[in-house]
Amino acid sequence: MVISVPNSLNELLTRANYLSGYSISTVADAFNLSVPADLKRHKGWIGNFIEHVLGADAGSKAIQDFTELKIELKTIPVNDKYFPLETTFVSLAPLTGNVGVTWDTSHVRNKLQRVLWMPIQGNRDIPIKDRLIGKPILWEPSLQESITLKKDWEELTELITLGQFDKINAAIGEVLQLRPKGANRKSRTHAYDSSGKLINTLPLGFYLRTGFTGNILQKNKM
DNA sequence: GGCTGATCATAG
DNA sequence: CTATGATCAGCC
């Protein structure tokens, strides 16, 4: 079943709100989709599933998206206290070509300008099919949040541009962190080391810490 | 390999 | 119990 792309922000929000309170299987049944028993080999399934039922064209050609609405959709697994169980992937971290890139022109800022968060019950003791979909939250970073994100992004990006990959680890950054993002630890991409020499190194991604996303959820739950 | 979507697994 | 580092899948 193909679902049309929402024509307006209101239409997208209406659809998203309609899903809240239903279980994964209730929605999946309505769209004739089968639900995996676990996510071990389907780690992106929930995200793709929600994209699909909201009318984003997941997979194949990426022609249709919410790009016209300037909305980034993120599902986020939450516990009983409505707190995130996982960090949130934002984007791959460019390890080259960062000269001249600023926070304002960064992928991270671009993606986080407007996010539709879809909290989903994520407790591992609840079968995937029985997990409930929460209330969607349309979020734009506050001034304070932007300042903190910018500070972290600049600190992390500086380490990349200086080629100090031996210093990079997930403990750096107040709300944003850099962590591996590849098929496995043998994955490689290009970067410049501290002496300016082209090297092969582990691909990295920007992730939002749970404290940051947890705050967004807490502020917006009524 | 790069990019999208993320969660898994275990050290501490 | 939590966060870091590792990993999974599909498309281009």
Side-chain angles (χ1 to χ4, degrees), chain A residues 5 16 24 28 33-67 71-81 83-98 106-108 110-112 115-129 131 133-134 152 156 159-160 165-192 198-215:
Chain A
V5 175
I24 296 288
L33 298 169
S34 58
V35 181
D38 64 65
L39 300 176
K40 282 188 175 64
R41 296 192 167 271
H42 306 272
K43 295 184 181 183
W45 189 85
I46 302 225
N48 291 143
F49 169 68
I50 297 295
E51 274 188 346
H52 178 77
V53 302
L54 288 181
D57 182 12
S60 64
K61 293 206 170 179
I63 292 172
Q64 302 174 22
D65 202 338
F66 300 133
T67 48
I71 300 271
E72 173 77 10
L73 175 69
K74 292 285 183 198
T75 56
I76 185 164
V78 295
N79 64 17
D80 296 334
K81 294 173 183 168
F83 192 81
L85 286 164
E86 298 284 350
T87 55
T88 301
F89 172 70
V90 180
S91 69
L92 272 176
L95 303 187
T96 61
N98 283 308
S106 68
H107 294 320
V108 175
N110 187 45
K111 291 214 174 178
L112 296 183
V115 179
L116 181 62
W117 298 98
M118 289 291 285
I120 315 273
Q121 212 168 38
N123 314 47
R124 294 192 188 180
D125 55 352
I126 304 175
I128 311 294
K129 66 178 180 60
R131 296 184 185 178
I133 301 169
D152 284 349
L156 296 167
L159 290 172
I160 292 171
F165 297 99
D166 51 340
K167 287 190 183 175
I168 293 176
N169 62 62
I172 305 169
E174 187 180 338
V175 301
L176 196 65
Q177 60 181 175
L178 280 172
R179 303 221 309 278
K181 175 63 174 173
N184 53 55
R185 76 161 299 109
K186 291 179 179 171
S187 296
R188 286 295 179 269
T189 188
H190 294 303
Y192 291 104
L198 191 62
I199 57 168
N200 289 111
T201 190
L202 194 62
L204 300 172
F206 285 106
Y207 295 80
L208 292 174
R209 295 184 185 279
T210 52
F212 184 79
T213 51
N215 247 313

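Chain A is the first sequence line, chain B the second, and so forth, proteins listed ahead of strands; every chain is numbered from 1.
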Within the structure provided, determine whether [X] and [Y] are in side-chain contact (heavy-atom separation under 4.5 Å).
X: A/Leu33; Y: A/His52; answer: yes
X: A/Leu116; Y: A/Lys74; answer: no
X: A/Ile46; Y: A/Ile128; answer: yes

Looking for any heavy atom pair under 4.0 Å, which part of the strands does [X] touch: base, sugar-phosphate only, or nothing?
X: A/Pro77; answer: sugar-phosphate
X: A/Lys74; answer: sugar-phosphate
X: A/Tyr207; answer: base
X: A/Gly122; answer: nothing
X: A/Gly44; answer: base
X: A/Lys186; answer: nothing

Once you round it to whole Å, what is the distance between [atom2] of [N] and [atom1] of [X]?
X: A/Trp117; N: B/dA6; atom1: CH2; atom2: P; value: 9 Å
X: A/Leu54; N: B/dT4; atom1: CG; atom2: P; value: 19 Å
X: A/Phe49; N: B/dT7; atom1: CZ; atom2: P; value: 14 Å
X: A/Asp38; N: B/dC8; atom1: CG; atom2: P; value: 8 Å
X: A/Phe89; N: C/dA9; atom1: CZ; atom2: C1'; value: 14 Å
X: A/Ile128; N: C/dA9; atom1: CD1; atom2: P; value: 15 Å
X: A/Trp45; N: B/dT4; atom1: CH2; atom2: C1'; value: 17 Å
X: A/Asn184; N: C/dA9; atom1: CG; atom2: P; value: 12 Å

Identify, with sequence neighbours excluded, every residue that meets salt bridge (charged side-chain N to carboxylate O under 4.0 Å, His left out) alongside A/Arg124.
->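 Salt bridge (charged side-chain N to carboxylate O under 4.0 Å, His left out) check on A/Arg124 returns A/Glu86.
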Nearest atoms (heavy-atom pairs only) where A/Ala93 meets A/Leu178 |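 Taking A/Ala93 first and A/Leu178 second, the nearest heavy atoms are CB-CD2, 3.6 Å.
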What are the two closest non-hydrogen atoms of A/Pro180 and A/Tyr207, and how far apart are they?
->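 Smallest interatomic distance, heavy atoms only, reads O-OH, 3.1 Å.
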Could one point to a donor on the side chain of A/Lys181 or the base of C/dG5 with an acceptor on the other under 3.5 Å away?
->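 Absent.
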Please confirm whether any donor atom in the side chain of A/Lys43 sits under 3.5 Å from an acceptor in the base of C/dT7, or the reverse.
->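 Side chain to base: pair present.
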Do the side-chain N and O atoms of A/Thr87 and A/Arg179 include a donor-acceptor pair separated by under 3.5 angstrom?
->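 Yes - a donor-acceptor pair under 3.5 Å links their side chains.
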In terms of side-chain heavy atoms, does A/Asn123 have a donor or acceptor partner in A/Asp80 at a distance below 3.5 Å?
->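 On atom types as modelled, these side chains qualify, holding a pair under 3.5 Å.
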With nearest nucleotides of DNA chain C determined for A/Leu202 and A/Arg41 from heavy-atom distances, which residue corresponds to the more 5′ nucleotide?
->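 The 5'-side residue here is A/Leu202.
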Using heavy atoms to find the nearest nucleotide of DNA chain C for A/Leu178 and A/His42 separately, return the residue whose nucleotide is more 5′.
->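 Mapping each residue to its closest nucleotide by heavy atoms, the 5'-most match is A/Leu178.
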Are any of A/Thr75's side-chain N or O atoms less than 4.0 Å away from OP1 or OP2 of B/dA6?
->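 The answer is yes; a side-chain N or O of A/Thr75 sits under 4.0 Å from OP1 or OP2.
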Return the polar atom pairs (N/O with N/O) between nucleotides 1-4 of chain C and the protein under 3.5 Å, or none.
residue : atom : partner  : partner atom : Å
C/dT4   : OP1  : A/Ala170 : O            : 3.0
C/dT4   : OP1  : A/Arg209 : NH1          : 3.2
C/dT4   : OP2  : A/Gln177 : NE2          : 2.9
C/dT4   : OP2  : A/Arg209 : NH1          : 3.4

Kindly point out which of B/dA9, B/dC3, C/dC8 is positioned nearest to the side chain of A/Lys40?
->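 Shortest atom-to-atom distance from the side chain points to B/dA9.
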